[in-house]
*Asks:* 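Handing you a structure now.
Residue numbers start from 1 in every chain, and the chains themselves are labelled A, B, ... in the order their sequence lines are given, proteins ahead of strands.
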There are 2 protein chains.
Amino acid sequence: MLIAQEIKKQIIEVADTRFRRYGFGKTTMAEIAKDCHMSAANLYRYFENKEKIGIEIALKCLHQKEQIGEAVLERDGLSAGERLETFFIDILHYTYDICANDEHLFELVAFISQEHKDIVRQHQASLLAFIGRILEEGIQEETFDIQDVSSKAETILFAMVHFYYPPLVMMNNHRLDQLEHAAKNVVRLLIQGLAKH
Amino acid sequence: MLIAQEIKKQIIEVADTRFRRYGFGKTTMAEIAKDCHMSAANLYRYFENKEKIGIEIALKCLHQKEQIGEAVLERDGLSAGERLETFFIDILHYTYDICANDEHLFELVAFISQEHKDIVRQHQASLLAFIGRILEEGIQEETFDIQDVSSKAETILFAMVHFYYPPLVMMNNHRLDQLEHAAKNVVRLLIQGLAKH
DNA sequence: ATAATGAATATTCAATATAATATTCATTAT
DNA sequence: ATAATGAATATTATATTGAATATTCATTAT
């Protein structure tokens with residue numbers, strides 16, 4: 001039935017709004033149900049439990065982050081180096097905004113990430129794939145000198161963790177402009193290291 | 001009086017042993033006092049409170065880590081690149097060992113780091129200074145091409161955070177050999193980026 | 001059969017009481 | 001004066017309970 005999918009979507013929508021405003025813990029199933037004009041018991045026909053709703057929302061958030069990255073891949077007129085830099089800067093901005101403005105959402109994603117490592121791995125795999133594609137582009141352009149693309153992508157992700165991993169982005173309450181400056185320095189040094197001479 | 005310094009040292013020694021075995025929270029001032037053959041009240045003649053004892057131990061630990069780094073600076077027969085790599089590998093090993101074997105000590109240092117950002121800043125400043133010296137060496141050797149040494153040192157520290165910052169070292173229970181491999185890849189890419197062509 | 005519910009039960013949370021421990025202080029010993 | 005203590009007090013952790021909430025289930029409606 002497609003209608004069931006619609007209802008699931010509505011539940012997520014409603015829960016998302018409440019989670020962001022009041023947090024996961026302070027939102028009750030009864031409240032979500034009321035917003036959907038149904039009983040709390042009926043929610044369980046659509047989600048196994050409250051945490052599963054939280055997971056969906058965290059996934060939605062990570063997916064959005066991936067779309068930010070993906071958008072950079074489709075932008076025209078960038079060299080591979082510029083694309084890599086833009087990729088991380090855009091992701092940094094998105095991550096920072098979420099963490100700074102949606103404290104509750106940040107906590108939810110942090111919690112889910114903690115409990116469900118597979119979700120994090122999946123997300124990282126997406127980012128790795130994007131970086132891989134940018135590196136391939138650099139090889140095509142003959143600006144990058146790379147033997148093993150996926151190994152190099154992994155290396156770059158390790159080096160940039162400070163700028164996409166939420167707890168680190170928020171650590172030491174750096175300002176966004178400071179982080180952006182640091183991120184540019186790191187990514188440019190990496191690009192320099194990738195460059196063909 | 002020098003004897004007072006001796007007693008302070010003994011208190012730290014005794015507390016260190018208990019903190020490592022039972023943790024900071026589960027160790028009482030009375031126990032520390034008993035190990036020192038004195039009353040709990042008397043401890044306060046040497047330390048303002050329990051947390052100050054914890055700080056001393058955390059500092060000792062960070063200082064030891066700095067000495068690991070410093071030792072690399074004095075080693076003979078290394079190029080600047082090799083020295084930078086060795087520096088981070090040695091620090092990774094030390095960090096990993098502490099975190100993997102001394103769970104309680106790890107928690108103590110993490111807690112103190114959380115509460116006393118100045119201590120972390122101080123520690124990072126030490127690491128930065130070491131990296132700076134290695135970079136200078138590379139400039140002398142004419143293998144590194146660097147304009148602003150302290151800026152580049154900072155950039156390198158950002159990129160290597162995964163391999164010296166305890167919570168990240170321990171994250172995703174990577175094995176030491178995996179971390180070492182990743183650390184080498186990152187540091188070598190950075191060195192490539194610093195290289196003169 | 002599918003969707004939904006109210007009531008029953010299980011689990012988690014928050015407030016409180018209680019006990020353990022950190023810290024202070026007045027006093028004693030060196 | 002300095003070092004140390006035991007007893008008093010303040011603070012923090014632990015256990016206990018009652019209330020709130022998540023989850024299940026038997027029943028009803030479509």
*Asks:* If you only use heavy atoms from C-beta on, which nucleotide in C:dA4, C:dT23, D:dT5 is closest to the side chain of B:Met38?
*Replies:*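 Closest nucleotide among those given: D:dT5.
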*Asks:* In this structure, how many angstroms lie between the P atom of C:dA22 and the CZ atom of B:Arg18, rounded?
*Replies:* 11 Å
*Asks:* Give the rounded distance in Å between these two atoms: CE of B:Met29 and P of D:dT5.
*Replies:* 14 Å
*Asks:* Tell me the interatomic distance from B:Lys8, atom NZ, to D:dA3, atom C1', rounded to whole angstroms.
*Replies:*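 After rounding, the reported distance stands at 16 Å.
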*Asks:* Does the side chain of B:Leu157 come within less than 4.5 Å of B:Tyr164's, by heavy atoms?
*Replies:*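 Yes, their side chains come closer than 4.5 Å.
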*Asks:* Give a yes or no answer on whether the side chain of B:Arg75 reaches the backbone of B:Arg83 with a donor-acceptor pair at less than 3.5 Å.
*Replies:*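 Here the side-chain-to-backbone pair does not exist.
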*Asks:* Provide the Watson-Crick or G-U wobble partner of C:dT28, both distances under 3.5 Å; none if there is no partner.
*Replies:* D:dA3
*Asks:* Is a donor on one side and an acceptor on the other found under 3.5 Å between the side chain of A:Glu141 and the backbone of A:Ala80?
*Replies:* yes
*Asks:* Tell me which nucleotide, if any, is Watson-Crick or G-U wobble paired with D:dT14 when both distances must be under 3.5 Å.
*Replies:* C:dA17
*Asks:* Using whole Å, what does the distance between atom P of nucleotide D:dG6 and atom CG of B:Leu43 come to?
*Replies:* 13 Å
*Asks:* Give one of base, sugar-phosphate or nothing for A:Tyr46, where a contact means two heavy atoms less than 4.0 Å apart.
*Replies:* sugar-phosphate
*Asks:* Less than 4.0 angstrom from a charged side-chain N to a carboxylate O is my criterion; do A:Lys152 and A:Asp148 meet it?
*Replies:* no
*Asks:* NA contact type, A:Ser39, heavy-atom cut-off 4.0 Å: base, sugar-phosphate, or nothing?
*Replies:*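 A:Ser39: base contact, heavy atoms under 4.0 Å.
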*Asks:* For the pair made of OH in A:Tyr44 and C1' in D:dT24, what is the distance, rounded to whole Å?
*Replies:* 9 Å
*Asks:* D:dC25, C:dA22, D:dT2: which one has an atom nearest the side-chain heavy atoms of B:Thr28?
*Replies:*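 Per side-chain heavy atoms of B:Thr28, the pick is C:dA22.
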*Asks:* Rounded to the Å, how far apart are A:Asn49 CG and D:dC25 P?
*Replies:* 14 Å
*Asks:* Atom NZ of B:Lys26 to atom P of D:dA13: distance rounded to whole Å?
*Replies:* 10 Å
*Asks:* Counting side-chain heavy atoms from C-beta on, which of C:dC25, C:dG6, C:dT23 comes nearest to B:Lys50?
*Replies:*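 My answer, after comparing the listed nucleotides, is C:dT23.
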*Asks:* Determine yes or no for a side-chain-to-main-chain donor-acceptor pair under 3.5 angstrom, with B:Asn49 supplying the side chain and B:Glu51 the backbone.
*Replies:*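 Yes.
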*Asks:* Using whole Å, what does the distance between atom C1' of nucleotide D:dA26 and atom CG of A:Asn42 come to?
*Replies:* 15 Å
